[in-house]
2 protein chains.
Amino acid sequence: MEVSDAYIRVDIKVSVDNIFWYARPVGGAEKSYHHGNLREALLETAFGLVDSEGVEAISMRALAREAGVSSAAPFRHFADKQVLLDAVAEKAAAEFERKLDEATAQCSDALTQFRAMSVAYVRFAAEHPALFDLIHSTESISARFLGEVKDERRLKLIALIIEGQNAGLIPEVDPELIALASEALTHGLARMIVDRHPRLRSLSSEEARQLALAATHLLQTGIGLS
Amino acid sequence: MEVSDAYIRVDIKVSVDNIFWYARPVGGAEKSYHHGNLREALLETAFGLVDSEGVEAISMRALAREAGVSSAAPFRHFADKQVLLDAVAEKAAAEFERKLDEATAQCSDALTQFRAMSVAYVRFAAEHPALFDLIHSTESISARFLGEVKDERRLKLIALIIEGQNAGLIPEVDPELIALASEALTHGLARMIVDRHPRLRSLSSEEARQLALAATHLLQTGIGLS
DNA sequence: CGTCGAATGTGAGCGTTGATAACATTGCCG
DNA sequence: CGGCAATGTTATCAACGCTCACATTCGACG
């Protein structure tokens, strides 16, 4: 051909947005129009993604892609992105609560329960900073569940303190105040780890444990005279 | 005309993105091609916007619009959005630091300085939650300044504690540990306010003051025996 | 068993955003 | 004054959240 030296340049623009079927499993007789369990699948991968990459890493479209589904599908299950995040936060809070309960379950007296709770609290923050952050920064109305959970834990803590006071282990100061102070200490420690405080970046969970123990101990004994 | 009953529907799509000159002042002989002080203008409005609306509220394009400038102009001064946010965080941190210094300046002994610092810390969080959050969540490399500031403050706190120990006001426990615990308590209180803890949502700054005082007092006296 | 509505998924597209590249204008330094 | 660096503009991308009209499927009810 005599035109072999001439080139016609063609730019082809392809929207890659909806090439979703590649994400479907290639092996079996899949490709059912309905996913079957999309809501849970989205929640699951979102949870994992937040835990490993942080909240910023999640996008509705990426989740859809991952699930092998069109980018509009997720909106059938979550009204908007915030609702999805709320659901992830709820899941994370449940997990958090589970660990706290697990930690205090084997303790007998109020004081060791008290300490075990602090340790578990700080450890969770150290091990799952993004989830911890999500739990405490989410403040949507629909996530009222979170508020209830936190409040419930607060009441439990107060009960623990009163128990300690009855046993003569804790002085007769306003239990609410004591609860607040110890919550603040624990939450502050956890937050400093998550916020990457210069002194505390990337702690092992064992170090986190030591730290929580030392700090709560210090709170108990006090650091000086008023 | 005989076509008076016939309608031709025309949909006109207009990109409104680059209609920027409306934002320029209409009065004077402005309209200089160069803004003259764009970097500072952007920083200023970003700072205000974060403080009043939160970090999520800021977008490069909105800032450009506000400054009366094309949407690409900001990138001449900030490599990307994160750099801009880092700069805002730095500004906020400077302001924060200023307030802390101001609060401790008038105190004589170590213990009252110690308390005044806690109070100022918590008050700033209560009054500027979004700025507080930005300061502590930013962790970019370029924002190393933040780390230095925080570290400097930590050293100052430790010095304060040692001073207190020398005066016999604080027991001879590892000063680092004491610093950490008191930092955690204060930071935790501040964070609980910012994170809208059920017990502490929307505190007045006077309430914040009371709270910080009570909590630090409790830390000093301790809440029980080890 | 068939049918019909509700639940769920698809495709296309709107408007916004962060970011980049090529080009225009200006200030300033020699 | 001339030229170069700083600064601003225009046009354009890709990605995102979200919506709408339409398609497919499931399941309850006759």
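Source: prediction; values computed, not measured. Convention: sequence-line order gives letters A, B, ...; per-chain numbering from 1. Excluded from the calculations below are hydrogen atoms, water molecules and symmetry mates; all remaining heavy atoms, backbone and side chain alike, are included.
Note: CZ (B:Phe75) to P (D:dT9) measures 14 Å, nearest angstrom. In this structure, the CG atom of B:Asn37 is 11 Å from the P atom of D:dT7, given to the nearest Å. Taking atom CG of residue B:Leu85 and atom P of nucleotide C:dT17, one finds them 15 Å apart after rounding to whole Å. A:Phe78 places its CZ atom 11 Å from the P atom of C:dG9, with the value rounded to the nearest Å. Between the CZ atom of A:Arg61 and the C1' atom of D:dT19 there is a distance of 11 Å, given to the nearest Å. Nucleotide C:dT25 holds its P atom 19 Å from the CG atom of B:Leu38, rounded to whole Å. Atom pair A:Asp80:CG and D:dT19:C1' shows a separation of 13 Å (rounding to whole Å applied). Rounded to whole Å, the distance from CD on B:Gln82 to P on C:dT17 is 18 Å.
The side chain of A:Ala73 lies closest to C:dG9 when the candidates are D:dC20, C:dT17, C:dG9. Across D:dT9, C:dT17, D:dG17, the shortest atom-to-atom separation from the side chain of B:Val69 is found for D:dT9. When distances are taken from the side chain of A:Ala72 to each of D:dG17, C:dG18, C:dA12, the shortest belongs to C:dA12.
Listed by chain and number, the residues in a side-chain hydrogen bond (donor to acceptor under 3.5 Å, both in side chains) with B:Asn37 amount to none (sequence neighbours excluded). Annotation: salt bridge (charged side-chain N to carboxylate O under 4.0 Å, His left out) contacts of A:Glu95 (sequence neighbours excluded): A:Arg98.
Residue B:His77 has a polar side-chain atom (N or O) positioned under 4.0 Å from OP1 or OP2 of D:dG8. Phosphate contact (OP1/OP2 of D:dT10, side-chain N/O of B:Ser70, threshold under 4.0 Å): absent. At least one side-chain nitrogen or oxygen of A:Arg65 sits closer than 4.0 Å to the OP1 or OP2 atom of D:dC16.
Mapping A:Ile58 and A:Arg76 onto DNA chain D via the closest heavy atom, the residue that lands nearer the 5' end is A:Ile58.
Checked for salt-bridge contact, A:Lys150 and A:Glu183 miss the test: no charged N lies under 4.0 Å from a carboxylate O. Taking 4.0 Å as the cut-off between side-chain N and carboxylate O, A:Lys156 and A:Asp101 count as a salt-bridged pair.
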Where do B:Lys99 and B:Arg123 land on the side-chain contact (heavy atoms from CB on, under 4.5 Å) test, with the steps shown first?
-> CA-CA 10 Å; B:Lys99 291 221 171 163; B:Arg123 274 187 60 175; over 6 Å; no

